[in-house]
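What follows is a single structure, written as structure tokens, with notes after it.
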Amino acid sequence: MIASVIVDIKHKEINQVFDYFVPDTEVETIKRGMRVIVPFTDHNIERLGLVVELKNESDAATKTIKEVIDLTPILSDEFFILLDEMLKVPNTLIASAIEAMIPNDMLMYYIKKITLLDEENVDTELKSIFNTKNEFILKKKDQNLYPKLRRLEEKGYVKIETILTPKVKKEYITYLILKNGSLVKTDRHKEIVSHFDGRYKILKKELVEIYGSSSIKTLIKNGCLEELDILKRLEDETTERLELKPLKDKLQKPFNEIEFNQFNTYLIEGMNEDSRTFIQHAVRKIIDQGQQVLVLVPEKFMVDHYIDLFKEGFKDVLVVGISSDQTYKERYLNQESLLDNDARIAIGTRLSVFTQFKNLGGIFILFSHDEAYYPFEGLYYDPFKLLTLRAEINQIPLFLNTHTKTLNDFYQIDLGNYTYIDLKKDNFDTKITLVDMKEELKLGNTKMLSHVLREKIDEALTLNKNSLLVLNQKGLSRFVMCRSCSHVPKDPATDIPLNYIEKTGMLRSNLTKYQEHFTKTCPICGKDSMKPVGAGIELLKTYLNKVYPNETIIQIDKDTLSSKETYEIIKNTTLKDRKIFIGTQMALKSLFKDKISLVGVLLADSFLKLPRFDANEVGFKILNDAKHIAKDDLVIQAYDSNHFVLSALSSEDIFYKAELSNRKVSKLPPFNELLQIRISAESYLRVHQYAHILKNKLALENIQVLGPIDATPLKLENHYRVLLLMKYQKIEESVKSLLVSTKEFNIDINKNITWY
DNA sequence: AGCACGCCGACT
DNA sequence: GTCGGCGTGCTC
């Protein structure tokens, strides 16, 4: 029997299966999804592998599996379907995809242990690194010693071993059980035995504390007591069951129509009291069926908040969080309790799409419009696709909850793929004010805050209420805009704002070859008022400190605060809080709901004119985030105050329809998928030639390709780089094979379309 | 020659 | 990720 194995080496040259003979003793027991240890390379180094297929014949197999680690598969069929989905993205490293799916206590790492055999022939300096047992564990910082040690090994002076170690040390709690009480002789021992008083087991720690370790040791030795190791588990702190607020009459009907035991996607639009009760009832129903619930939130800092919230509403069940902030051990404990069905609610960020459950009964994605669900670096996967697959496989409902549906949501509802549950509030009482900054300029106000916003902030302060001022993230790709007529130079072919490259003083398109020189003079109104956009949050802080020297000003962004700190700030914020918050769009992430009186969006243009194909939708989402959390007032300051998206805030359907038809014409998502390809090589000419060849080959596969264009920067680490943009419905294997690196040309791919 | 370093190709 | 094999360049 042959096993096809993926080895845990994340490298494009090893991105394939390797066939091994299955030892006769394991033929009956080995299954797909089990971990194995296999010999690898000439030296037969031991590596951890995962069995992905079992078959009867192979031309390639030459070596035999050394050891099968697991008794049962650690990845079920469900996860192999997810794996297939992840591998649809070209050049995805199989080992990385598997690593993301495997519970982290099943992962291993490798250490090198060096033993000193011959002290005579090793110089004193080197000798000093060994401990008293003449052993030494090679650390990252000691890598430079390795070649020397290898030479010493050849001569037989030292021994080098590579040891596979689990990443998580499982923790056991030791209990003592009374084996044979009649064996005791001394009074003290009798006392210990009587301490059991009918109980089956007692914590060893407890007994040692009272009677000391030596007498306990003796009792174990003469067979009176016996040790019992039990895997440490999460403490179950659950109490009585709380009755939920009853569903309002108008929520009854949509609730009753939910099919809890089959797959369907429900889009709940509206994040308010109604949607909260609705979701709580759905969660309750799933728990009462004896099943488990997975809840996804977009940001790490939200995990704790929702754990608290769910713990409050469901006091009778165990709620666990899944976050990369947790230690391996914490995650392991949570995972174990989910596998035992002890924990019923799991709350996590996108990495929790791979969490294993005993009996998953429903998936909830909160703030489902949020961009943060998509990985922007490292391994790419689409959490929505993966969770849809999981829901389908398990025949359970998938709930999306958002305050504003996305373009894709709108499209899917239209296609009939989503069941739409409208819980939006009809009476919306936040006052929205649009400020035309061109007018402010005419009035001689060159400051960051308009008159209107200043007044609103003052008003909030006198009422002891808080405000939040939002600016776009610093360092994001910048564009230029005329301060007097709000003209933005755009790529004539794609209508996407041109990037301002400060170094060269050029304006460049992201997607096509187009570029032009930056000039201060506006081609439309002729005034010398063209300026790069992208003022910093620091500038705003300095300015506010000057204007409001006696007020508390708090900065909220990912760079300055950890997720715990962010959560603490949000938790302790109340509407009646005389404070001014400033932050990036991060601060608009909606946990601030009902906690902020006034939201001011400064330079909304920078949110609306991002150099991306979905700039309008991203801008629309951000403004809706702001609308969602602003309790009393929302002030939007923009130079281009007639921007399509600004008007869309009050006429959403028009926005969806117009934007969707644009996307259809331009063959953009949700009608097509996009993929950026970056080709790099030492020769500029060759890399361009190759890009054209690749483009033609892809055209033969019926894939539309835009480009090539030069990447920014064009030359990096002695390699010239160009970009292609692919529009496609589906990627066949033949296409994937075109997108692999060769000796001369390196190919990277990006599903997020963020390269320029 | 001996050693240090860096690059390349292969791995079932 | 890790090895050997190779080339290069430095030093005794």
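Just so you know, these numbers come straight off a predicted model, no measurement behind them. Throughout, a chain's letter reflects where its sequence line sits, starting with A, and its residues are numbered from 1.
Across the protein-nucleic acid pair, A:I2 atom CD1 and B:dT12 atom C1' stand 10 Å apart, rounded to whole Å. For the pair A:E46 CD and C:dC3 C1', the computed distance is 15 Å after rounding to whole Å. For A:I9 and B:dA10, the CD1 to C1' distance is 11 Å, given to the nearest whole Å. To the nearest angstrom, P of B:dG9 lies 16 Å from CG of A:D42. Summarising the geometry, the separation between CD on A:E13 and P on B:dC8 is reported as 12 Å, rounded to the nearest angstrom. When the P atom of C:dT2 is taken as reference, atom CZ of A:F40 falls 12 Å away, rounded to whole Å. Taking atom CD on A:Q16 and atom P on C:dG1, their separation rounds to 16 Å, with Å as the unit. Rounding to whole angstrom units, CD of residue A:E744 and C1' of B:dC8 are separated by 16 Å.
Using a 4.0 Å heavy-atom distance criterion, A:I14 is classed as a base contact. The residue A:Y20 sits close only to the backbone: its heavy atoms come under 4.0 Å of sugar-phosphate atoms, none of a base. Residue contacts shown for A:K12 are absent, as no nucleic acid heavy atom lies under 4.0 Å away.
Side-chain contact, A:S4 with A:D19: a donor N or O sits under 3.5 Å from an acceptor N or O.
In this structure, A:D340 does not pair ionically with A:K358, as no charged nitrogen and carboxylate oxygen lie closer than 4.0 Å.
Ring geometry for A:Y690 against A:F745 counts as parallel: the plane angle stays under 30°, on a 0 to 90° scale with 60° as the upper cut.
Counting heavy-atom neighbours within 6.0 Å of A:F376 CZ, excluding the residue itself, gives a total of 12 or less. At most 12 non-hydrogen atoms from other residues, nucleotides or ligands lie less than 6.0 angstrom from CG of A:D59.
Nearest-nucleotide mapping onto DNA chain C: of A:H43 and A:R47, the residue sitting toward the 5' end is A:R47.
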Do nucleotides 5-12 of chain C as a string where each nucleotide becomes B, S or -: B if the base has a protein heavy atom under 4.0 Å, S if just the sugar-phosphate does, - if no protein is that close.
--------
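Remark: A:Y146 is not in phosphate contact with B:dC5, judged by side-chain N or O atoms under 4.0 Å from OP1 or OP2. Contact check, A:R150 against C:dG4: a side-chain N or O comes under 4.0 Å of OP1 or OP2.
Contacts classified as side-chain hydrogen bond (donor to acceptor under 3.5 Å, both in side chains) and involving residues 378-387 of chain A (residues at least two apart or in different chains) are given here: A:K385-A:E673.
Closest to the side chain of A:K112, from the set C:dG1, C:dT2, B:dT12, is C:dT2.
Stacking of A:R32 on the aromatic ring of A:F80 is recorded, both the 6.0 Å distance cut-off and the 45° axial limit being met.
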